[in-house]
Structure formats: C-alpha cells, structure tokens
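Worksheet: one structure, shown below.
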Amino acid sequence: MTRKHLRKRTLLAGTIATLAIATVAARFVYSSHATAPAPAAPPPAQVVVSTPLARTVNSRLGFLGQFSAIERVELRAQVGGTLTGVYFKDGDIVKKGDLLFTIDPRPFEIRLAQANAALETAQARVALAAAELHRAQVLAAKAFGTIENVDQRTADQRSALASVDDAKAQIRDAEFDLEHCRIVAPFTGRIGTHLVSAGNLIAGSRAGTSPTTLLATMVSLDPIWLDFDMSESDFLVYSRDRARTKGGAPDKVEIALSDETSFVRRGTLDFVDNALNRSSGTIHARATVTNHDNLLTPGEFARVRLLAGAPVQALLVPDEAVLPDQAQHVVMSVGPDNTVVPKPVEVGDLQGGLRVIRSGLAPTDRVIIEGIPHAVPGTKVAPQNGSIRYAAAAGAG
C-alpha cells in the first residue's frame with residue numbers, strides 16, 4: 001500500500017469517528033430536552049378591587065374656558081400731528097380719564113383763532129346788514145325807497161346771520177380738534193406697550209376713512225368674561241335643567257385656575273349662543289366674573305363647572321381607575337371567575353377626589369383600583385378587597 005493510500009484511509013477514519021461522536025452528543029441533548037419539565041405558569045397578578053362608591057352628588061358639567069376682556073380698544077388719534085408726550089408705563093393699569101398721549105396743539109390753536117376772527121367778522125356784517133335794512137324800510141315807508149331795496153337788504157341780513165352760524169360751527173370744529181390733541185383712557189383697564197414714541201409724526205382721521213396710526217391697545221379687567229364651548233350632549237342636559245327651573249336664579253359657575261385645586265371663584269352665566277357650530281358640534285357660552293384683585297388676565301385658561309340639575313345618586317371610582325380608550329373611557333372590572341373585564345363608561349366631573357360615573361357600571365361591579373398595569377383584559381387575576389374613600393376636603397375640587 002502506498003503512502004498516499006494510507007493517508008486517505010486515515011482521513012476517512014477520522015471523519016467517521018467525528019460523525020459518530022456528533023450523533024451521540026445530539027441524542028444526549030435531545031434526550032435531555034425531552035425529559036426536562038415544562039416551565040411553570042406565572043401566578044395570577046395581584047390587584048385590589050372594590051365596588052363603586054354610591055353617593056348623592058350635584059349634577060355638574062365641566063368645561064375648559066378662556067378669559068377675554070369685556071372692553072378692548074385700539075387707541076388711535078383723531079387728529080394728525082407730531083406726538084409730543086407718552087404719559088404711562090407699558091403694562092400699567094390706568095384709570096378712566098388718565099392722560100396717555102399728547103399731540104402738538106399749535107396748528108389747532110391757530111385754526112381756532114382763525115375761526116374766532118371769522119365769527120367777529122360775521123357778527124359785524126350782521127350789525128351792518130341790520131342797520132341798512134332799517135334805513136331801507138324807513139325810506140320805503142316815506143316813498144323815498146323801493147320794495148326791491150328792502151328785499152335786498154333783508155337777504156343781506158339773512159346771509160350775514162348764516163355767516164355767524166358757519167363761524168360758530170368752525171369754532172366748535174376747531175375746539176374738537178384741539179381737545180383731541182390729548183388722548184385719555186376711555187375706561188379703567190390695563191394698557192399695553194406704546195407703539196409710537198414721542199417725536200413721531202402720526203396720522204389721524206375723525207371719520208376713520210383714511211389710515212390712522214395705532215398708538216397702543218387697552219383692555220378692561222374688572223369684570224371679565226370667561227368663554228367656553230358646550231358639546232351638544234352637555235347643552236341638552238343644561239337646556240332640560242333650565243326648562244325645569246324656568247324663572248329661577250341666574251346660572252352660577254364655579255371656576256378654578258390652572259394652578260388651583262379647588263373651585264373658589266364664582267361667576268354668572270349670562271350668555272349662550274343661539275345656534276350650534278355645525279363644524280364642531282358645540283355651542284358657545286359665556287360667564288361674567290368679578291376680578292377685584294386683577295389676577296385674571298385676558299387669554300388665560302380656567303376650568304369651569306356649571307351646576308345642572310338637582311342632586312342625584314351616582315357611582316364614584318378613583319380617577320386613576322378610569323382609562324382613556326380612543327373616544328371613550330374604560331374601567332377594568334373583575335368577573336365572577338376572576339377574569340379581567342373592561343367596561344366602557346360615561347364619566348362626569350371630579351367630586352371628592354373621585355370621578356363620577358354617569359353610566360356603564362353597576363353598584364355590584366368589582367372595579368380594579370390598584371394594580372391596573374397588570375390587569376390585561378381576558379386574563380385571570382388574584383383580587384384582594386379594598387375600599388374607595390370620599391375626600392370631604394376635596395368636595396369643592
């Protein structure tokens with residue numbers, strides 16, 4: 001046997017031995033897996049459940065509103081000229097009648113003097129016309145004058161009297177322009193930043209027919225409006241309640257700012273629009289709120305609660321137990337076989353720190369109030385009994 005043939009046999013024998021060892025190892029691994037026990041199923045998740053808390057509560061509707069000024073004005077000059085003074089600090093609260101701007105009055109003082117001179121001239125013409133008319137009437141009575149001369153002198157007198165009236169009108173016009181060289185606050189409120197500095201030439205127009213210069217803006221603060229929108233369903237609840245209490249007291253609203261936990265402010269609902277918005281399905285409403293401390297600012301947001309109807313029996317659950325699910329809300333409950341069952345609900349406002357459930361729950365339902373992240377619909381859980389407490393201190397919140 002040659003050396004080449006011997007090398008081939010050696011390689012073949014090594015290959016066969018390797019395959020045999022691999023086969024034995026594979027059988028051992030397979031047999032080990034085949035005989036290993038299956039992993040144990042995880043225990044059911046621990047959750048805390050409770051039946052909803054039944055309590056008599058006021059029927060209230062909640063909205064998000066935004067404050068707006070009752071009065072808002074753009075300060076513009078009615079006469080043009082050079083701005084000579086700005087008499088406020090940006091953002092100040094100014095009183096009605098406070099001086100805000102002045103315009104150079106000299107051109108208007110000159111015009112007023114001219115009007116006064118024209119009046120004196122017209123009055124002199126009236127005196128002359130009256131004397132000439134008297135002479136013409138005397139001559140005509142003695143047959144030394146003509147009737148035509150009397151008529152002419154009468155017309156001259158009337159023309160002179162008209163000139164007096166025109167001169168007086170010119171004086172009032174000049175006084176009006178001179179008066180409006182001083183721009184004062186039309187009401188008490190907060191003024192914004194001045195948009196024109198002293199020394200600038202500004203344009204004015206009494207009739208507003210030509211472009212005018214905007215000097216500043218100003219808003220009223222007390223009282224203030226709170227605007228909000230009602231959905232169609234909330235509007236129906238409100239309307240039915242109004243129909244039952246026709247002729248009652250004005251509708252009161254409770255208000256809480258974004259940094260307030262309780263509804264300590266009060267307002268009066270004094271306007272509801274006459275039609276629903278076709279695109280949004282809402283109707284606009286407005287409340288008037290006192291603002292003695294000037295804390296409320298136009299453009300600021302607030303939560304609004306509107307009392308709608310007499311107290312009713314309702315079910316309450318913790319707010320964290322109510323989960324949003326697209327366009328609705330869901331509460332996780334536990335069925336008789338300890339299976340998690342989601343229940344769609346219609347929610348109301350917060351009372352006593354709890355969420356009012358308008359519909360979708362029964363008094364005997366076991367609601368999951370703790371361990372909600374482990375409550376998967378359709379799976380079994382290990383429920384433990386808990387309780388829901390009404391926070392009396394949060395009853396206003």
Side-chain angles (χ1 to χ4, degrees), residues 40-65 230-231 233-234 237 253-264 301-397:
Q46 298 285 334
V47 297
V48 179
V49 300
S50 173
T51 56
L53 179 64
R55 192 178 180 93
T56 301
V57 297
N58 290 323
S59 179
R60 298 182 296 198
L61 304 174
F63 310 97
L64 180 65
M230 295 186 192
S231 66
S233 58
D234 287 338
V237 173
V253 297
E254 301 172 340
I255 303 159
L257 302 181
S258 58
D259 63 342
E260 296 175 343
T261 57
S262 58
F263 290 73
V264 296
F301 288 92
R303 288 170 290 151
V304 189
R305 289 196 316 201
L306 174 63
L307 188 65
V312 295
Q313 190 74 9
L315 300 178
L316 298 93
V317 300
D319 191 40
E320 55 270 17
V322 182
L323 306 176
D325 183 18
Q326 294 183 355
Q328 62 181 358
H329 293 84
V330 172
V331 169
M332 294 296 180
S333 66
V334 176
D337 58 350
N338 293 339
T339 301
V340 178
V341 180
K343 291 200 167 186
V345 294
E346 182 182 356
V347 299
D349 64 328
L350 281 172
Q351 297 206 25
L354 303 175
R355 179 64 66 180
V356 175
I357 304 299
R358 294 181 180 175
S359 63
L361 275 185
T364 57
D365 285 336
R366 296 190 298 168
V367 177
I368 299 177
I369 59 176
E370 293 183 23
I372 295 176
H374 308 294
V376 180
T379 62
K380 290 185 178 296
V381 292
Q384 296 179 354
N385 291 329
S387 62
I388 299 175
R389 298 184 183 276
Y390 186 90

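All values below come from the heavy atoms of this structure, side chains included, with hydrogens, waters and symmetry mates left out. Model, not experiment: these values are computed from the prediction.
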Which distance, rounded to the nearest 0.5 Å, do you find between the CZ of Arg303 and the CG of Leu257?
8.5 Å
At what distance, to the nearest 0.5 angstrom, does OG of Ser233 lie from CD of Glu346?
7.0 Å
Testing the basics here: between Ala375 and Ile368, what is the closest heavy-atom pair and its distance to 0.1 Å?
CB-CD1, 3.6 Å
Any pair with a residue in residues 363-374 that passes side-chain hydrogen bond (donor to acceptor under 3.5 Å, both in side chains), sequence neighbours left out, goes on the list, sorted by first then second residue, please.
Asn338-Arg366, Lys343-Asp365
Between Pro44 and Ala382, the two heavy atoms sitting closest are CB-N, 3.8 Å
Does Val322 form a side chain to side chain contact (heavy atoms under 4.5 Å, CB included) with Ile357? I'd like the steps, not just the answer.
CA-CA 9 Å; Val322 182; Ile357 304 299; 4.2 Å; yes
Full working for side chain to side chain contact (heavy atoms under 4.5 Å, CB included) between Ile388 and Ile369:
CA-CA 8 Å; Ile388 299 175; Ile369 59 176; 4.2 Å; yes
When rounded to the nearest 0.5 Å, the distance separating CZ of Phe263 from CD1 of Ile255 is 9.5 Å
Tell me, do Leu316 and Arg355 make a side-chain contact under 4.5 Å, heavy atoms counted?
no
To check you understand the geometry: which heavy-atom pair defines the closest contact between Ala256 and Ser262, and what is its length?
CB-O, 3.5 Å
If every non-hydrogen atom of Val317 is compared with every non-hydrogen atom of Pro52, which pair is closest and at what distance?
CG1-CB, 4.1 Å
Does Val334 form a side chain to side chain contact (heavy atoms under 4.5 Å, CB included) with Val341? I'd like the steps, not just the answer.
CA-CA 6 Å; Val334 176; Val341 180; over 6 Å; no
Please report the shortest heavy-atom distance between Pro342 and Val330, naming the atom on each side.
CB-CG1, 3.6 Å
Check the pair Leu61 / Arg305 against side chain to side chain contact (heavy atoms under 4.5 Å, CB included), numbers first and verdict last.
CA-CA 5 Å; Leu61 304 174; Arg305 289 196 316 201; over 6 Å; no
If we only count heavy atoms from C-beta on, is the Arg55 to Leu354 side-chain gap below 4.5 Å?
no
Please find the pair of heavy atoms, one from His329 and one from Pro324, that lie closest to each other, and give the distance.
CD2-CA, 4.2 Å
